[in-house]
*Asks:* 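Here you go, one structure.
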2 protein chains.
Amino acid sequence: MGTVALLWRHEHPLPPRPGRRPTITLDAVVAAGIHEADEQGLHDFSLRRVAQRLGVGVMTLYGHVENRSQLVELMVDQCRLDMEWAPLTGPWAARLEQVADENLALLARHPWLAHVETERAVLGPGTLTKYERELGAVDPLPLDDVGKDQALALVLDFVRSSARALEAARAERTEETPEQWWAREGAELAALQVEERFPLAARVGQATGEATNAAADAAAAHVFGLAVLLDGLAARAGVSRERSAPA
Amino acid sequence: MGTVALLWRHEHPLPPRPGRRPTITLDAVVAAGIHEADEQGLHDFSLRRVAQRLGVGVMTLYGHVENRSQLVELMVDQCRLDMEWAPLTGPWAARLEQVADENLALLARHPWLAHVETERAVLGPGTLTKYERELGAVDPLPLDDVGKDQALALVLDFVRSSARALEAARAERTEETPEQWWAREGAELAALQVEERFPLAARVGQATGEATNAAADAAAAHVFGLAVLLDGLAARAGVSRERSAPA
DNA sequence: ACCTCTTTCCGTACGGCGTACGGACATTAA
DNA sequence: TTAATGTCCGTACGCCGTACGGAAAGAGGT
């Protein structure tokens, strides 16, 4: 079955057919895949593990899904379908902030989403619903349709980067502290007179490294970047950040 | 050998030692790796292929490099070391534009760089030189050191997203035209009355899809996004985009 | 010249991956 | 009961990264 047909499988539930009855549903495969990716990350995500989690053989999955990457696409759309939304309210900037927050929360819940490579659009119900909703945040801006799409993509790409930085900061704490890393590799670096040869880098690197909490830094960078983006959109669109959106 | 020692290997060339003479150098391994990744992409990049390109056995590589990911880190730093730089001139915004252009060119030459996952800083000579230079673009901004780092990271992350979009648009043309895709999957989508259920998405999606050239769209999005970022930085830093930088 | 020590090269092997093939099996329609 | 149909999944192939250990090659001492 084509990917589109599988994405929209709930639109046309197929009538019972002759032959052996399936022991697992595609929904169960997708759900197991999401759990597996949440726990193991996309790098260690494998069909064998998903099958094991479901208690079936690996090749059983191929009766429900064409291949690994199609399963990932289905997982992506499902995650978007499962988002919980409060209605967008307030001026456009507040709406865009809300959209950014929702996406950051989504990527915190499913960090692997920020690492999915298949940029080819996944035209499923979750993705379309999400896109429709988020266009509502940029719709008040006096931009043409292409510009609205670009403005939204700008914010979403930024959130993606933020999420990756936050995840990296989180992982850094669990697997190796900066002190351990420095004890291992830093001594050799110090012998290279970095301060003299790269004065700006040394100064700024020290400033960013001084804050004890890497995760807090990444969060601050997110707040800063989002403010810059909203200011920039306001300036470029020639509109105030506070102007409330039309109904 | 630790990664830092290998990154800075040209600082301390080691004296000749007894024993069999190496048939290949680490520089050759890194260069072969870069060529391989340029041609095959990071997904199909494998140590076996690199070894084949060099005419040696796979395990020979392990005499020069600890593992695959370390080789990728060395490749990343080498690419940054090989960048060609014209001096940064003009006001800060022009400098940042120049930095963005350089990075976009780098990622066009080596598309796999935009897909390297190891976000942990690669503290090699290429990375440090690049960081030092690029901080020179944001240095005139009235931000503290952490703010300068964040502003630079904001621009670089944006360029990374742009590069990925441009690469995807380029790949789309070589492997499958939108018409072919639509013929295969679009018919089913059309049957779902998307226009009525997702009016904004349908309208904007059609607008963005109408421009015949996907690559041109991605390029336009890059120009738009960079302008928004620079406007935003100017507004947030409370400074004009045209103010020239101090010497 | 020969032996020994050091270092590099790399064949073999292991466990894991995605997935093609085809037989075993369960279920329904005839 | 039989035939048809769809599902489950064991086996196998060719990839991958990489651990191990022996073969090969050069340098220094005798």
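In the text below, chain A, chain B and the rest are named by the order of the sequence lines, each starting its count at 1.
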*Asks:* Ion pair present between A:E11 and B:R197, side-chain N to carboxylate O less than 4.0 angstrom?
*Replies:*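 Yes, this pair counts.
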*Asks:* B:F158 vs B:H222 aromatic rings, parallel, tilted or perpendicular, using cut-offs 30° and 60°?
*Replies:*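 Correct class here is parallel.
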*Asks:* Just the rounded figure in Å: distance from C1' of C:dC10 to CG of B:L47.
*Replies:* 14 Å
*Asks:* Check step by step if side-chain contact (heavy atoms from CB on, under 4.5 Å) holds for B:H35 and B:Q40.
*Replies:* CA-CA 9 Å; B:H35 283 128; B:Q40 307 291 338; over 6 Å; no
*Asks:* Whole-Å distance between D:dG21 P and B:Y62 OH?
*Replies:*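 Interatomic distance, OH of B:Y62 to P of D:dG21: 17 Å.
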*Asks:* Please confirm whether the backbone N or O of A:S46 pairs with a side-chain atom of A:R68, one donor and one acceptor, at under 3.5 Å?
*Replies:* no
*Asks:* Is there a donor in the side chain of A:N67 and an acceptor in the side chain of A:S69, or the other way round, less than 3.5 Å apart?
*Replies:*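 On atom types as modelled, these side chains qualify, holding a pair under 3.5 Å.
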*Asks:* In residues 25-45 of chain A, which ones come under 4.0 Å of DNA chain D, going by heavy atoms?
*Replies:*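 The stretch gives none, as no residue of it lies under 4.0 Å from the strand.
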*Asks:* Could you point out which residue of A:L104, A:L226, A:D157, A:L107 forms a side-chain contact (heavy atoms from CB on, under 4.5 Å) with A:S162?
*Replies:* A:L104
*Asks:* Looking at B:Q52, I want to see if its CD is surrounded by more than 12 non-hydrogen atoms of other residues, nucleotides or ligands under 6.0 Å.
*Replies:*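 Open.
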*Asks:* For B:D149 and A:T208, which I'm curious about, is there any donor-acceptor pair between the side chains at under 3.5 Å?
*Replies:*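 There is no such pair between these side chains.
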*Asks:* Going 5' to 3' through nucleotides 6-15 of chain D, assign each nucleotide B (protein heavy atom under 4.0 Å from a base atom), S (under 4.0 Å only from sugar-phosphate atoms) or - (no protein heavy atom that close).
*Replies:* BBSBBBB---
